[in-house]
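So the structure is just underneath, and the comments pick up after that.
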Amino acid sequence: RLCLKDLAAPGRCPLPPPARPTVKAAGAPLPPAPATPEALIEGDPSLASFPDIYFRLQEAIRDPASSAARIAGIIGSDPGLAACLLRLANSPFYALGRPVESLSRAVMVIGAGELGQLALGVAVVSRFGDLPEGAITMRQAWEHAVGCGVLARALAAQMGSRQEERLFVAGLLHDLGRLVLLRRLPRHVARSMALAREEKLPLWQAERAVLGYDHAAVGRVLLARWQLPRELAEAVGGHHDAGGVGLDAAILQVADAVAVAAEFGFNGSSLVPPLAATAWAALGLAPSSLGVAISQARRQVSDIVSSLLAA
């Protein structure tokens with residue numbers, strides 16, 4: 001953890017890429033797991049489709065004739081979504097200074113496209129409202145996810161990107177596949193966590209040793225099945241790749257490692273995942289940018305998690 005925290009100091013370099021796994025899972029035999037991420041997703045009917053309101057909202061946002069009132073009306077048809085978006089609009093995430101008391105004003109102040117991105121994230125959070133009792137609690141999982149999202153947004157802003165909300169949502173959903181694994185295969189996740197701890201492996205490598213695939217692959221398949229934006233699925237699916245990743249995936253890889261090092265929540269990993277040199281280089285930022293991003297995240301994460309998980 002300290003090594004990655006020290007990246008914010010001048011002259012520090014990213015960690016080396018991880019070694020290839022050389023061990024296999026040990027212990028009592030596990031029940032058979034689905035052989036592929038596709039089979040895992042297909043075996044859970046509750047994951048068959050994504051809420052229709054998101055697609056109606058995107059259609060309205062793309063329509064140049066749409067008004068703020070129309071977009072607000074679509075959001076308002078889902079009281080839970082509406083309340084959560086208003087809480088976010090009034091949180092330190094935006095720090096608008098004046099209260100946002102209506103959805104129409106939220107659309108005008110934050111922007112329809114940005115609100116649509118947030119609606120996507122909120123809709124996913126609502127699909128995973130609980131987890132089986134185990135090593136990771138729901139709040140820990142979402143604190144890590146929000147931490148990664150806020151860090152990704154902050155890094156994107158420092159890079160001059162205009163896709164800050166998209167990166168926040170990508171960070172929020174980067175471990176979506178692990179939530180699926182925790183729900184469907186809790187014993188396999190526990191074995192992966194034990195293997196990672198004992199052999200000092202990144203957790204995603206331990207997942208591959210136990211299952212043959214990792215949570216990033218599960219997340220990519222699920223987002224594609226839900227017909228969500230391709231760039232989102234690719235960023236989530238590629239955030240542990242060592243080389244040749246897209247820029248969004250590179251930002252997520254850095255944000256994820258920093259979120260673990262800064263101890264935002266808990267994602268099951270006892271080690272800070274190593275950074276690929278190519279991912280760090282892709283950002284083109286000075287190491288001091290990490291300190292700025294961490295400070296911003298510390299001011300925002302708790303309030304955002306509370307906004308997302310409030311009843």
Any heavy-atom pair between the side chains of [Y] and [X] that's under 4.5 Å?
X	Y	answer
Val124	Phe50	yes
Ser270	Arg197	yes
Leu228	Phe55	yes
Trp142	Leu179	yes
Arg87	Ser306	no
Ile110	Val100	no
Pro229	Leu120	yes
Met159	Ile251	yes

Within one Ile-Leu-Val-Met-Phe-Trp-Tyr cluster: [X] and [Y], side-chain cutoff 4.5 Å:
X	Y	value
Ile61	Met108	no
Val292	Leu252	no
Leu115	Val109	yes
Phe266	Val305	yes

First locate atom [atom1] of [X], then atom [atom2] of [Y], and finally report the distance between them rounded to the nearest 0.5 Å.
X	Y	atom1	atom2	answer
Leu151	Leu167	CG	CG	11.5 Å
Gln163	Asp248	CD	CG	8.0 Å
Gln227	Ser49	CD	OG	10.0 Å
Leu47	Glu42	CG	CD	11.5 Å
Leu40	Leu185	CG	CG	5.5 Å
Leu203	Leu195	CG	CG	9.0 Å

Looking only at heavy atoms, which two atoms of [X] and [Y] are closest? And how far apart?
X	Y	value
Arg187	Pro29	NH2-O, 3.6 Å
Ala60	Ser66	O-OG, 2.6 Å
Leu103	Ala82	CD1-CB, 3.7 Å
Ser289	Trp280	OG-CH2, 4.4 Å
Ala257	Leu275	CB-CD2, 3.8 Å
Pro79	Ser77	CD-O, 3.5 Å

Keeping the roles fixed (side chain from [X], backbone from [Y]), state whether a donor-acceptor pair exists under 3.5 Å.
X	Y	value
Arg191	Val210	no
Arg178	Asn267	yes
Arg220	Gly177	no
Gln158	Leu285	no
Gln296	Val150	no

Evaluation steps, side-chain contact (heavy atoms from CB on, under 4.5 Å), between Leu308 and Ile304: CA-CA 6 Å; Leu308 288 172; Ile304 294 173; 4.1 Å; yes
Start with the C-alpha gap between Val189 and His215, add the side-chain angles, then the distance that decides, and say whether side-chain contact (heavy atoms from CB on, under 4.5 Å) holds. CA-CA 10 Å; Val189 174; His215 68 280; over 6 Å; no
Where at least one partner belongs to residues 92-119, residue pairs that pass side-chain hydrogen bond (donor to acceptor under 3.5 Å, both in side chains), sequence neighbours excluded: Tyr94-Glu165
Sort out for me which residue in Asp44, Val236, Ile41 forms a side-chain contact (heavy atoms from CB on, under 4.5 Å) with Leu222. Ile41
I need the single residue from Leu173, Val146, Leu172, Leu176 that forms a side-chain contact (heavy atoms from CB on, under 4.5 Å) with Val125. Which is it? Leu172
Could you please spell out the steps behind the side-chain contact (heavy atoms from CB on, under 4.5 Å) verdict for Gln205 and Glu199? CA-CA 11 Å; Gln205 279 190 307; Glu199 300 296 335; over 6 Å; no
Give every residue pair that meets the ring-ring contact (aromatic ring centres under 6.0 Å, His included) criterion with at least one member in residues 157-200, sequence neighbours excluded. Phe93-Phe168, His144-His174, His174-His239
Decide yes or no on side-chain contact (heavy atoms from CB on, under 4.5 Å) for Val221 and Thr36, but give the supporting numbers first. CA-CA 10 Å; Val221 169; Thr36 65; over 6 Å; no
Does the Lys NZ or Arg CZ of Arg298 fall within the cation-pi geometry relative to Phe264 - under 6.0 Å from the ring centre and within 45° of the axis? yes
